[in-house]
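The figures that follow rest on heavy atoms only: side chains count, while hydrogens, waters and symmetry mates do not. Keep in mind it's a predicted model, so treat the numbers as computed, not measured. In what follows, chains are A, B, ... by sequence order, proteins preceding strands, each numbered from 1.
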There are 2 protein chains.
Amino acid sequence: MQQGIQLILDNISKIVSLTKEEQDLFVSKLQYVEYKKKEFFLHEGQFSNELNFIIEGCVLVFYTDQSGFSHLIQFAIEDWWVGDIASSTHNIPTQLNIQAVEKTKVLRIKKEDLETVFEAIPKLERFFRILLQKRVANLQQRIISSLSKTATERFLEFREQYGYLENRITQIQIASFLGVTPEFLSMIRRKLNSSNK
Amino acid sequence: MQQGIQLILDNISKIVSLTKEEQDLFVSKLQYVEYKKKEFFLHEGQFSNELNFIIEGCVLVFYTDQSGFSHLIQFAIEDWWVGDIASSTHNIPTQLNIQAVEKTKVLRIKKEDLETVFEAIPKLERFFRILLQKRVANLQQRIISSLSKTATERFLEFREQYGYLENRITQIQIASFLGVTPEFLSMIRRKLNSSNK
DNA sequence: GTAAATACTTAAGCTACCTTAATTATTTAA
DNA sequence: TTAAATAATTAAGGTAGCTTAAGTATTTAC
């Protein structure tokens, strides 16, 4: 856990600098949680009232449609924040699932504790404001890609941005992130390989 | 302009309550700007250092790809905030265009003024933090739709959410928001009309 | 270590959506 | 008020990506 604390404080200090006292207050609200491979953080229909910082492991955030198909909204690994902003902002049950794909260790803070801490430490609210700006930029880029690029182009973009994940999650999951079937992604990969020789 | 000030203060007071002094400080940083129909707020390649609140009118935020096709990322009308978060967060030239589709009146604040105001009024930083959470929720929903719905379903969703825009922007623009060609949207509409009779 | 489960590949046929192009309707501008 | 520009409709033919299905490879669990 010590190691996790250092990681989360370093993560924050990239954007804002907290005093020792502020760090201690924030850390006092954190809870350490471990998930086994395939275990769920959150199931569709539940209320999300927590924000998680991943110390170790990898999680997927996905939506399951009426036909039972999953669509990958986001993934997160070490040093990333993950939570269901829609559910906790609007106080509605989540439509998402969050699942560990590996043994995953997180530091978690409850929504109400976070709000208390924001009162005491405005700099921390700034940190999350900036984090949200980055997330908006990222989501907007994904929408631009989905509107203007072919599946092959989106896959190449995925590789550039998230190449280190290519061997950590399955092709089925990558396909569901890109919005294509795994079969079609298999063909895309084959074509890319043959044209690179 | 008086009217615009009231609108922006009301908009903020839905989420946080400012004292008279805080309101005055914030208002002192605002600049009133008018755009003619078709005029641009922002062109691809420029740096975006401002946030705009629309008092009256309607603007489109779009990306133009290498083939010259436009893709609608966002639209905004009275009582909405609009800006290029990606460009101003990362200090990179924008890849977006923001254009008035009608005569449009805005109140504008510069990025550096906003940051000054955040120091003085943490509540205002909270306001924007919450606004960003809503935007993340909205963008995420759009990604879910683009991954899991057909064009017809996305059009029906557009109508539910933004129906009041259907007669304010062109079908070309709606199509580019949905990620289909205007011709195909025309067919979707025809089918919907014939099946509703 | 082996059986069962899951993931990946390949290919044939299909469909949602695109392209092109011609026609009509609506808006814009002088 | 009218010509020119832009938007919307319709339809024929085309393609990216889907479906189904069968075979192979890899991973999981006992």
Side-chain angles (χ1 to χ4, degrees), chain A residues 35-39 58 60 62 64-72 75 99-103 145-159 165-195 197, chain B residues 35-39 58 60 62 64-72 75 99-103 145-159 165-195 197:
Chain A
Y35 289 96
K36 290 184 218 132
K37 187 168 181 169
K38 297 199 177 171
E39 206 176 344
C58 180
L60 302 181
F62 61 95
T64 302
D65 68 26
Q66 295 107 332
S67 313
F69 289 101
S70 290
H71 305 278
L72 228 187
F75 30 66
Q99 186 182 24
V101 287
E102 307 170 356
K103 179 182 178 184
S145 298
S146 86
L147 291 176
S148 67
K149 296 188 171 178
T150 64
T152 304
E153 291 167 334
R154 277 178 277 138
F155 175 60
L156 291 172
E157 187 180 58
F158 166 83
R159 264 195 176 157
L165 275 173
E166 204 175 341
N167 297 311
R168 210 157 155 184
I169 63 180
T170 68
Q171 174 166 291
I172 295 176
Q173 290 156 351
I174 297 172
S176 106
F177 179 81
L178 297 176
V180 295
T181 58
E183 292 85 353
F184 191 57
L185 179 52
S186 178
M187 295 186 59
I188 288 172
R189 276 174 147 162
R190 178 160 47 126
K191 271 190 195 160
L192 287 174
N193 283 334
S194 65
S195 66
K197 272 171 197 164
Chain B
Y35 289 95
K36 290 185 217 129
K37 187 168 181 169
K38 297 199 178 170
E39 206 175 345
C58 179
L60 303 181
F62 60 95
T64 302
D65 67 26
Q66 295 107 333
S67 312
F69 290 101
S70 291
H71 306 278
L72 229 187
F75 30 67
Q99 187 181 24
V101 288
E102 306 169 356
K103 179 182 178 183
S145 298
S146 86
L147 291 176
S148 67
K149 295 188 173 180
T150 63
T152 303
E153 290 168 334
R154 276 178 278 139
F155 175 62
L156 291 172
E157 187 180 56
F158 166 84
R159 265 196 175 157
L165 275 173
E166 203 175 341
N167 297 312
R168 211 159 156 183
I169 62 180
T170 68
Q171 173 166 291
I172 295 176
Q173 290 155 352
I174 298 172
S176 104
F177 179 80
L178 298 176
V180 296
T181 58
E183 292 84 353
F184 191 58
L185 180 52
S186 179
M187 295 186 59
I188 288 173
R189 275 173 147 162
R190 179 161 44 129
K191 271 191 196 159
L192 288 173
N193 283 335
S194 66
S195 66
K197 272 173 196 161

Problem - N/O donor-acceptor pair under 3.5 Å between Ser176(B) side chain and Leu72(B) backbone - result: yes
Handout entry: Distance below 4.0 Å between Arg190(A) side-chain N/O and dT9(C) OP1 or OP2
Key = no
Exercise for the section: Please determine if a side-chain N or O atom of Gln173(B) lies less than 4.0 Å away from the OP1 or OP2 oxygen of dA7(D). Expected result: no
Ignoring hydrogens, what is the shortest heavy-atom contact between [X] and [Y]? Give both atom names and the distance.
{"X": "Glu153(A)", "Y": "Ser148(A)", "value": "OE1-O, 4.2 Å"}
{"X": "Leu165(A)", "Y": "Cys58(A)", "value": "CD2-SG, 4.1 Å"}
{"X": "Ser145(B)", "Y": "Arg154(B)", "value": "O-CD, 3.8 Å"}

Problem - Worked verdict on Leu147(A) versus Ser146(B) for side-chain contact (heavy atoms from CB on, under 4.5 Å) - result: CA-CA 9 Å; Leu147(A) 291 176; Ser146(B) 86; over 6 Å; no
Protein-nucleotide distance ([X], atom [atom1]; [N], atom [atom2]), rounded to Å:
{"X": "Leu178(B)", "N": "dA16(C)", "atom1": "CG", "atom2": "C1'", "result": "15 Å"}
{"X": "Asn193(B)", "N": "dA8(D)", "atom1": "CG", "atom2": "C1'", "result": "13 Å"}
{"X": "Ile172(B)", "N": "dT26(C)", "atom1": "CD1", "atom2": "P", "result": "15 Å"}
{"X": "Arg168(B)", "N": "dT26(C)", "atom1": "CZ", "atom2": "P", "result": "21 Å"}
{"X": "Ile169(B)", "N": "dT6(D)", "atom1": "CD1", "atom2": "P", "result": "19 Å"}
{"X": "Arg189(A)", "N": "dC8(C)", "atom1": "CZ", "atom2": "P", "result": "7 Å"}

Exercise for the section: Quick one: label Thr170(A) by what it contacts on the DNA or RNA (base, sugar-phosphate, nothing), any heavy atom closer than 4.0 Å. Expected result: sugar-phosphate
Completion exercise
Per-nucleotide protein contact along nucleotides 15-30 of chain D, 5' to 3', at a 4.0 Å heavy-atom cut-off (B base, S sugar-phosphate only, - neither), is --BSBBB------S--
Practice task
Go through the structure and list residues passing salt bridge (charged side-chain N to carboxylate O under 4.0 Å, His left out) with Lys149(A), not counting sequence neighbours.
Solution key: Glu157(A)
Problem - Steps toward side-chain contact (heavy atoms from CB on, under 4.5 Å) verdict (Leu192(B), Phe155(B)) - result: CA-CA 10 Å; Leu192(B) 288 173; Phe155(B) 175 62; 3.5 Å; yes
List every contact pair, protein side and nucleotides 3-5 of chain C side both N or O, where the distance is under 3.5 Å.
none

Practice task
Before giving the answer on side-chain contact (heavy atoms from CB on, under 4.5 Å), spell out for Thr170(A) and Gln173(A) the whole-Å C-alpha distance, their side-chain angles and the decisive distance to 0.1 Å.
Solution key: CA-CA 5 Å; Thr170(A) 68; Gln173(A) 290 156 351; 3.3 Å; yes
Handout entry: Phe75(B) and Phe158(B) aromatic ring geometry - parallel, tilted or perpendicular at 30°/60° bounds
Key = perpendicular
